[in-house]
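So the structure is just underneath, and the comments pick up after that.
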Amino acid sequence: MSSIPDLSGKIINISLRYHEVPMIKLILGLQFGDEGKGKITDFVSDEKSILVRYNGGTNAGHTVVTDRGKFKFHLLPAGSLRAKTVVLGNGMVIDPFALIEEIKGIIKENLRLDIRISSAASVVTDLHKNIDREQENLRGDMKIGTTSHGIGPTYEEKYSRNGIRISDLSSLETIIRKLRLIREIRQSELRNSPYLEDEKLLELAKNLHSTWDFIGKFVCRTETFLMDSVEKGEKMIFEGGHGSLLDIDFGTYPYVTSSNTISGSMHTGSGISLRKVNTIIGVVKSYTSRVGEGPFPTELHGNEAESLRTAGGEYGTTTGRPRRVGWLDIPLIRYASSLNDIDELAMTKLDVLGSRKTIKICTSYGKKINNPMNALLGAETAEPEYIEMDGWGTLGNDEIEKIVSKGYDSVPEKMKEYIETVERLVGKKISIVSIGQIRGSTILKK
Ligand code: GDP
Ligand code: IMO
Ligand code: MG
């Protein structure tokens with residue numbers, strides 16, 4: 001055990017320091033989204049946690065199942081059911097109506113919610129949803145398959161510096177001026193929009209302004225609150241929306257979302273440096289899924305796809321679209337794991353995968369490819385090479401309960417083989433194993 005000086009010059013023991021320093025965790029997905037991040041955030045959260053979302057908007061959809069039922073989160077972090085405080089950071093694009101509905105949904109359950117919303121977060125309006133749909137129509141066969149929730153156009157507005165920020169909701173005049181400016185600039189994209197009529201636009205502005213009555217009291221400079229929380233040594237969990245392969249820079253562009261989704265975006269989206277994070281957990285589903293268009297080298301088709309989709313309930317939390325499904329893709333996970341500089345992995349849906357008689361893992365794309373994105377984006381061709389493993393059968397509820405109570409040692413041997421093969425191929429430890437949808441069906445593996 002070694003000793004190092006801390007900032008005050010005191011000599012402290014490294015292992016003590018690790019445990020005494022409150023854990024700040026960052027949880028994000030390493031695939032195309034829907035890895036089960038929500039379940040993992042909820043699992044690691046408790047009543048002392050401050051939970052932070054820092055990117056995206058209602059295009060994210062996280063399902064958490066507890067003994068009180070099924071909860072779907074789009075804007076609030078998935079651990080909101082039992083957090084001390086939840087924070088929506090400046091990097092988010094927020095539909096205020098959807099937010100109010102989500103908050104009321106939590107309050108209805110008699111759950112307390114202490115929430116802070118960044119005054120600098122961007123506001124998604126109906127105008128932006130109209131533009132999102134129009135852009136998709138215009139793309140024709142180049143369409144992305146967006147959620148049509150106005151995410152891309154709202155980020156465009158942010159970066160053109162004409163965007164409506166959450167703090168603007170307090171002023172009807174500001175909303176009207178900004179909406180008129182946006183309409184003027186984007187006339188052609190709004191040609192099919194009802195908001196070309198001024199009366200409609202004013203109605204939209206008034207509705208947006210009316211949300212301030214509910215939202216206003218929660219709005220602040222969240223970066224200051226978060227900096228103070230870090231200073232005070234609070235337990236914090238940052239939850240990334242979407243998946244790393246949907247990152248606007250490093251994902252399968254143009255089939256990506258409109259924000260950065262890799263670990264670094266936590267800093268720009270919340271104001272808290274990545275250097276403050278103690279552990280980055282990369283969540284991986286034991287197979288792959290993708291919603292919308294874009295390359296997917298290990299995709300399954302026909303009956304095989306249908307059977308896995310049904311077994312995994314792979315239908316979008318946000319749009320209800322059937323998710324495309326396929327085998328685990330190690331080149332992509334290794335790439336995402338490096339991009340995010342993750343410390344450990346959490347693997348979900350092993351109960352679902354186990355019901356396959358034979359399971360495949362893509363270990364490479366055939367030839368030496370220096371960057372898997374080149375293979376996916378056509379510069380080289382991805383020709384997945386697989387290894388095959390045996391399934392471990394369907395796990396009944398009793399068996400899941402038994403495994404959870406006895407711990408990792410009681411996991412079926414073939415599942416262990418799968419987990420440990422993935423660890424070897426990715427070069428990272430899997431520390432959390434999820435074997436069922438409900439909150440309790442999760443085990444720690446050290
Ligand atoms: P996220 O966007 O990454 O939070 O994932 P979603 O919530 O959109 O999709 C994951 C789905 O799988 C949700 O319905 C979860 O409740 C469910 N899920 C998560 N982990 C497991 C698991 O280990 N087993 C099963 N059967 N379902 C799981
Ligand atoms: P979570 O947080 C799955 C996908 C959309 C579409 C593309 C662009 O639940 O993992 P957008 O509306 O963002 O402009 O759509 O990105 N997409 C997701 N797919 N899970 C998500 O989030 C996603 N967020 C965006 O389906 O293909
Ligand atoms: Mg999801």
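Atoms within a ligand are numbered from 1 in the order they appear, just like the ligands themselves. Position 1 is the first residue of the sequence, and the numbers go up from there.
Below 30°, between 30° and 60°, or above 60°: for Tyr155 and Tyr159 the angle between ring planes is below 30°, a parallel geometry.
The nearest heavy-atom contact from the protein to atom 4 (O) of ligand 1 is Gly38 N, 2.8 Å. When hydrogens are left out, the protein atom nearest atom 13 (C) of ligand 1 is Thr63 CB, 3.7 Å; that is the closest non-hydrogen contact. The shortest contact between atom 19 (C) of ligand 1 and any protein heavy atom is with Lys39 CD, 3.9 Å. The protein atom (non-hydrogen) at minimum distance from atom 27 (N) of ligand 1 is Lys349 CE, 3.4 Å. Of all protein heavy atoms, the one lying nearest to atom 14 (O) of ligand 1 is Gln437 NE2, 3.2 Å. From the protein, the heavy atom lying nearest to atom 22 (C) of ligand 1 is Gly436 O, 3.1 Å. The protein heavy atom nearest to atom 2 (O) of ligand 1 is Gly61 O, 2.8 Å. Looking only at heavy atoms of the protein, atom 6 (C) of ligand 2 is closest to Gly145 O, 3.1 Å.
For atom 24 (N) of ligand 2, the nearest non-hydrogen atom from the set His242, Lys143, Arg290, His74 belongs to His242. For atom 9 (O) of ligand 1, the choice among Met347, Lys37, Arg323 with the nearest heavy atom turns out to be Arg323. Between Thr146, Leu246, Asn59, it is Leu246 that holds the heavy atom closest to atom 17 (N) of ligand 2. The option with the heavy atom closest to atom 9 (O) of ligand 2, from among Gly56, Ser148, Gly33, Gly61, is Gly61.
Residue Gln31 does not touch ligand 1, judged by heavy-atom distances below 4.0 Å. Contact annotation: for Thr442 versus ligand 1, there are no heavy atoms closer than 4.0 Å. With a heavy-atom cut-off of 4.0 Å, Asp34 touches ligand 1 through backbone and side chain alike. Within the 4.0 Å heavy-atom criterion, the part of Asp351 lying near ligand 1 is the side chain and not the backbone.
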List the steps, then state whether side-chain hydrogen bond (donor to acceptor under 3.5 Å, both in side chains) holds for Thr154 with Lys158.
-> CA-CA 6 Å; Thr154 305; Lys158 168 176 176 170; over 6 Å; no
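Those atoms of ligand 2 with a heavy atom of Thr257 less than 4.0 angstrom away are 11 (P), 13 (O). In summary, the atoms of ligand 1 found under 4.0 Å from a heavy atom of Val352, numbered by their order in the structure, are 26 (N). Set against the non-hydrogen atoms of Ser434, the atoms of ligand 1 under 4.0 Å away are 20 (N), 21 (C), 22 (C), 23 (O).
Contact between Phe32 and ligand 2 is present, with at least one heavy atom of the residue lying under 4.0 Å from the ligand. The shortest heavy-atom distance from Arg323 to ligand 2 is not under 4.0 Å. Within the 4.0 Å heavy-atom shell around ligand 2 one finds Gly241.
A salt bridge is absent between Lys37 and Glu239: the closest approach of a Lys/Arg side-chain nitrogen to an acidic carboxylate oxygen does not fall below 4.0 angstrom.
Between Gly36 and ligand 1, a contact under 3.5 Å exists for at least one N or O pair.
The Mg ion (ligand 3) has no N, O or S atom of Gly33 inside 2.8 Å of it.
Here the N, O or S atom of Asp34 that is nearest to the Mg ion (ligand 3) is OD1.
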